[in-house]
Participant: 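Dropping the structure in here first, questions after.
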Amino acid sequence: MSTHPLDDLNPKQREAVETVDGPLLIVAGPGSGKTRVITHRIAYLVTACGVAPYRIAAVTFTNKAAREMQARLFGRSEEDTASPLLDRAMRDQGLAVSTFHSFCARVLRRDGESLGLDRSFVIYDDSDQIGLLERAMKEVEVDPKSYSPRAVQSSISSAKSRLIGVDGFRARVENYADEVALRVYERYESLKSLAGAVDFDDLLMKTYLLLRDFPDVSDRYRSRYDYFMIDEFQDTNAAQYAIARQLSETHRNICVVGDPDQSIYSWRNADAGNILGFQNDYPEAKVVVLDESYRSTQTILDAARSVISANTGRIPNDLWTSKGAGEPICVFEGYDDQEEARFVLGEIENLTGGRRYGLGDVAVMYRVNAQSRVLEEECLRRGIPYQLVGGQKFYSRQEIKDLTAYLRLTANPHDDVSMSRVINTPTRGIGQRTRDAIARLARDTGSSTYGALESLQSSAAGRTVGLGSKALRALAAFKSLIDHLADESGRLDLIDLIKLTIERSGYERHLRQDEERGDERLENVQEYLAAAREFADLDGREALAAFLENVSLVSDVDELEEKTERVTLITLHQAKGLEFPVVFMVGMEEGLLPHARSMEDPAAVEEERRLFYVGITRAGERVYLLRAFRRTLWGRYETRIPSRFLVDVPRELIVSPDRRASDRAPRPAGRRGPARPREPNAGDTGQLRTGDKVRHDLFGDGIVTSAKPSTTDVELTVAFTEGHGVKRLLQSFAPLKKVN
DNA sequence: TTCCCCACCCATTGG
DNA sequence: GGGTGGGGAA
């Protein structure tokens with residue numbers, strides 16, 4: 001039994017769902033039921049308009065979002081009792097819901113041969129790309145000390161995202177730095193093609209070129225998909241939009257869903273201007289604005305609106321809700337990042353102590369990953385389970401990257417980045433000099449490293465290159481290892497292949513010898529095997545290809561588990577698209593939000609403000625905005641200034657925790673915070689103030705985080721440093737001494 | 001050639 | 001506070 005796609009929709013949502021023919025722009029504010037609209041629209045196309053599922057393509061920002069849509073359409077599992085929108089039997093009928101990158105990978109895997117791309121191409125991630133760029137720089141004699149590979153990468157990547165290839169780049173060279181980048185770009189491209197590899201930007205750009213230059217291919221895809229939908233349109237780049245246009249050129253059934261206020265990826269070359277572009281390119285487009293929030297209380301929406309309206313040149317979208325005002329927004333300043341973390345976790349304990357919230361309802365968000373550490377430590381200290389999204393990514397751990405490199409070589413021995421990663425890992429007597437000689441040979445013969453190994457074997461070239469017999473033997477042994485694995489990859493299933501790889505490469509022994517981290521790394525290998533099991537039902541090389549592609553294209557949020565009883569620690573960027581009843585945002589300080597690197601550029605500051613907006617609007621019921629008076633940075637303390645964005649949260653929506661505790665007795669004049677100079681030699685007498693260091697007979701050293709005079713006494717909040725947490729004390733009773 | 005230690009640079013945000 | 005890369009010793 002399935003739900004009717006027009007059920008439970010408000011008039012605007014319904015309008016969006018029913019508008020199936022021709023271009024459609026849906027502006028969807030946070031919590032306005034965007035995913036609902038997209039899934040219902042797909043269901044409507046299928047059930048009411050008789051469109052076959054395989055004629056519909058939808059692209060999302062993350063694999064997780066794609067999975068979520070599939071789940072809403074077809075149900076989560078056989079046991080799922082909620083009735084799905086579509087008959088579960090249709091699940092396998094080729095409805096394409098994926099990210100742009102995996103959509104393109106599939107296209108290229110299938111039809112990339114027209115562009116001279118081998119079917120077994122590997123996908124280079126960021127660090128692979130940097131590695132290859134460093135090599136390219138070395139080869140064209142650019143000093144990586146004067147030109148950072150990162151900078152070169154970002155200029156190449158930005159060009160590719162705008163569909164500017166080497167030739168276009170050459171035409172646009174303006175200064176010496178561009179010239180250098182061009183030289184590296186050219187070399188990088190040829191190394192990459194020699195290695196049979198593509199990078200993330202290639203996935204898009206090559207797909208674009210394929211569709212542009214091969215009419216038979218583009219005709220096939222155009223007639224395959226009659227309806228095209230794009231989620232998170234504000235975060236698409238020029239290449240992605242161009243591909244979408246190509247695919248919907250004949251029918252113009254293109255539906256884009258986005259919110260310019262949530263555009264936070266311009267640094268990744270996303271262009272919210274695509275929304276304006278869309279209205280230009282499709283002047284007949286219908287525009288539907290979804291402005292009823294089903295997520296947040298009115299208080300949260302008011303705060304969010306007040307924050308975002310300070311940005312210039314935006315299309316106002318005043319969200320409203322039928323929910324009540326709800327809880328005020330809680331603003332708190334901790335003495336340092338540790339107290340900030342203690343407050344957050346203490347409050348989480350309070351909130352989840354009753355039946356009100358579960359740990360899974362709570363997220364703590366921050367601007368940079370480095371902020372997660374203090375929070376993690378505090379979680380561990382209190383025994384609060386948490387899940388950390390991102391940070392040291394699973395697939396970028398050393399042992400995982402090494403194993404992946406072996407597998408990639410198995411699939412494609414010409415992959416030079418992987419080759420140089422593992423040719424001597426674990427060490428097998430192929431040292432720097434030998435590697436240099438091989439690299440020289442490869443370069444001179446215009447082949448990959450593997451090609452060079454082959455030529456060594458088939459001729460007496462070894463002597464001429466100047467390699468000793470020991471080195472030659474080591475190289476031959478390594479080559480036969482790769483060949484052996486490649487042979488076996490056709491016979492064995494994926495799991496056995498990985499096990500064989502671990503064993504034959506000597507990697508297992510290598511890990512067992514690692515005294516301090518060996519166990520942990522072996523566990524990671526087990527986890528890797530578990531991830532590979534998902535592909536076990538495919539056969540041999542196909543499974544290998546699918547697994548490798550998955551390794552390259554999964555993101556961190558993809559791994560996020562919902563409905564788990566753990567607190568989520570996540571960056572603001574990654575939190576986009578998610579929602580939680582309770583949201584803590586930490587580090588509301590200048591330099592973090594807005595980030596120091598964004599502060600000179602007004603446009604960048606506006607993006608930081610949108611990031612703040614995204615954070616606030618993740619919350620359904622409660623928002624906490626935290627900052628610290630001082631924070632540890634590279635081991636040093638640094639005094640912090642409150643974020644400029646905080647003043648845009650209307651005062652009447654804010655409550656401060658210490659004030660909440662004593663409504664009747666407002667604090668004496670003066671701001672909270674320890675900014676005030678301390679009185680010298682105050683001893684243990686006199687009024688204690690925020691920021692004072694104190695010593696308690698039982699709890700040890702601590703810092704006064706608030707001091708509120710009541711009618712008869714002074715109520716102190718003291719954060720103790722030795723694991724005793726935050727305590728409320730009355731000054732006249734507490735055995736406290738002031739210390740310096 | 002390998003391994004270990006120290007210096008150095010660093011860290012936005014991520015498919 | 002931490003990871004990486006280079007240089008020096010075994």
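Order of the sequence lines fixes the chain letters, A, B, ..., with proteins taken first and strands second; residue numbering starts at 1 for each chain. Just so you know, these numbers use all the heavy atoms, side chains as well, and skip hydrogens, waters and symmetry mates. Every value quoted in this text rests on a predicted model; they were computed, and no experiment measured them.
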Participant: How close or far is atom P of C:dG6 from atom CD of A:Gln432, stated in whole angstroms?
Facilitator: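 Going from A:Gln432 (CD) to C:dG6 (P), I get 9 Å.
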Participant: Between A:Arg435 and A:Glu608, which has a closest nucleotide on DNA chain B that is more 5'?
Facilitator: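 Counting from the 5' end, the first nearest nucleotide belongs to A:Arg435.
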Participant: Can A:Arg109 be said to sit on top of A:Phe121's aromatic six-ring, NZ or CZ under 6.0 Å from centre and within 45° of the ring axis?
Facilitator: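 Yes - A:Arg109 lies over the ring of A:Phe121, closer than 6.0 Å to its centre and within 45° of its axis.
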Participant: To the side chain of A:Arg433, which of B:dT1, B:dG15, B:dG14 is closest?
Facilitator: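 Among B:dT1, B:dG15, B:dG14, the one nearest the side chain of A:Arg433 is B:dT1.
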Participant: B:dT2, OP1 or OP2 - any side-chain N/O from A:Asn424 closer than 4.0 Å?
Facilitator: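 Yes, such a contact exists.
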Participant: So does A:Gln574 get a side-chain nitrogen or oxygen closer than 4.0 Å to the phosphate oxygens (OP1/OP2) of B:dG14?
Facilitator: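 For B:dG14, OP1 or OP2 has a side-chain N or O of A:Gln574 closer than 4.0 Å.
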Participant: Atom CG of A:Leu553 and atom P of B:dG15: how far apart are they, to the nearest Å?
Facilitator: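 The distance from CG of A:Leu553 to P of B:dG15 comes to 10 Å, rounded to the nearest Å.
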Participant: May I ask whether A:Tyr265 stacks on the base of B:dT13, given the cut-offs of 5.5 Å between ring centres and 30° between planes?
Facilitator: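 So no, this residue does not stack on that base, at least one cut-off failing.
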Participant: So what does A:Arg610 hit on the nucleic acid, given a heavy-atom distance under 4.0 Å: a base, only sugar-phosphate, or nothing?
Facilitator: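 Result for A:Arg610 = nothing.
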Participant: To the nearest angstrom, how far is A:Asp231 atom CG from B:dG15 atom C1'?
Facilitator: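 Interatomic distance, CG of A:Asp231 to C1' of B:dG15: 15 Å.
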Participant: When you compare the ring of A:Phe200 with the six-membered ring of B:dG15's base, are the centres less than 5.5 Å apart and the planes under 30° from each other?
Facilitator: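 Stacked: ring centres under 5.5 Å, planes under 30°.
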Participant: Rounded to the nearest angstrom, tell me the gap between atom CZ in A:Arg67 and atom P in B:dG15.
Facilitator: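 A:Arg67 atom CZ is separated from B:dG15 atom P by 13 Å.
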Participant: Any chance the side chains of A:Glu549 and A:Ser552 put a donor and an acceptor closer than 3.5 Å?
Facilitator: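 Side-chain D/A pair, A:Glu549 to A:Ser552: absent.
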Participant: Below 30° counts as parallel, above 60° as perpendicular, anything between as tilted: where do the rings of A:Phe547 and A:Tyr528 land?
Facilitator: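 Perpendicular.
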Participant: Within the structure, does a side-chain N or O atom of A:Asn63 lie under 4.0 Å from either OP1 or OP2 of B:dG15?
Facilitator: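 Checking A:Asn63 against B:dG15: no side-chain N or O falls below 4.0 Å of OP1 or OP2.
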Participant: Looking for any heavy atom pair under 4.0 Å, which part of the strands does A:Asp201 touch: base, sugar-phosphate only, or nothing?
Facilitator: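 Answer is base: heavy atoms of A:Asp201 come under 4.0 Å of a base.
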Participant: Go through B:dT13, B:dG15, B:dA11 for me and flag the one nearest to the A:Arg268 side chain.
Facilitator: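 Selected nucleotide: B:dG15.
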Participant: Establish, yes or no, whether the cationic atom of A:Arg609 lies under 6.0 Å from the six-membered ring centre of A:Phe612 and within 45° of the ring axis.
Facilitator: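 Because its charged atom misses either the 6.0 Å distance or the 45° angle limit, A:Arg609 does not stack over A:Phe612.
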Participant: Can you tell me the Watson-Crick or wobble partner of B:dA11, both distances under 3.5 angstrom?
Facilitator: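 Across all strands, not a single nucleotide pairs with B:dA11.
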Participant: Please compare A:His101 and A:Thr427 by the position of their nearest nucleotide in DNA chain B and report the one closer to 5'.
Facilitator: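 Residue closer to the 5' terminus by nearest nucleotide: A:Thr427.
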Participant: Rounding to the closest angstrom, what is the interatomic distance between B:dT13 and C:dT4 at atom P?
Facilitator: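 Here B:dT13 and C:dT4 have their P atoms 16 Å from each other.
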Participant: Rounded to the nearest Å, what distance is computed from the CD atom of residue A:Glu607 to the P atom of nucleotide B:dT13?
Facilitator: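 It works out to 14 Å between those atoms.
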Participant: So A:Tyr265 and A:Phe61, would you call those rings parallel, tilted or perpendicular, with 30° and 60° as cut-offs?
Facilitator: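 Taking A:Phe61 first and then A:Tyr265, their aromatic rings sit tilted (interplane angle of 30° to 60°).
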Participant: How about A:Asp436 and A:Gln432: does a side-chain donor come under 3.5 Å of a side-chain acceptor?
Facilitator: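 Present: a donor and an acceptor within the cut-off.
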Participant: Give a yes/no on whether any side-chain N or O of A:Thr434 is located under 4.0 angstrom from OP1 or OP2 of B:dT1.
Facilitator: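 For B:dT1, OP1/OP2 do have a side-chain N/O of A:Thr434 under 4.0 Å.
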Participant: As a test of reading the structure: which of B:dA11, B:dG14, B:dT1 is closest to the side chain of A:Arg150, going by heavy atoms?
Facilitator: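 Looking only at side-chain atoms, A:Arg150 lies closest to B:dG14.
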Participant: Quick one: A:Arg397 CZ to C:dG3 P, roughly how many Å, whole number?
Facilitator: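 Whole-Å distance recorded here is 12 Å.
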Participant: Is A:Asn237 near enough to B:dG15 that one of its side-chain N or O atoms lies under 4.0 angstrom from OP1 or OP2?
Facilitator: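 So the side chain of A:Asn237 is outside the cut-off, no N or O lying under 4.0 Å from OP1 or OP2 of B:dG15.
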Participant: Without decimals, in angstroms, what is the distance between A:Tyr637 OH and C:dG1 C1'?
Facilitator: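 Those two atoms, OH and C1', are 13 Å apart.
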Participant: In this structure, how many angstroms lie between the C1' atom of B:dT13 and the CD atom of A:Glu232, rounded?
Facilitator: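 Rounded to the whole Å, the gap is 15 Å.
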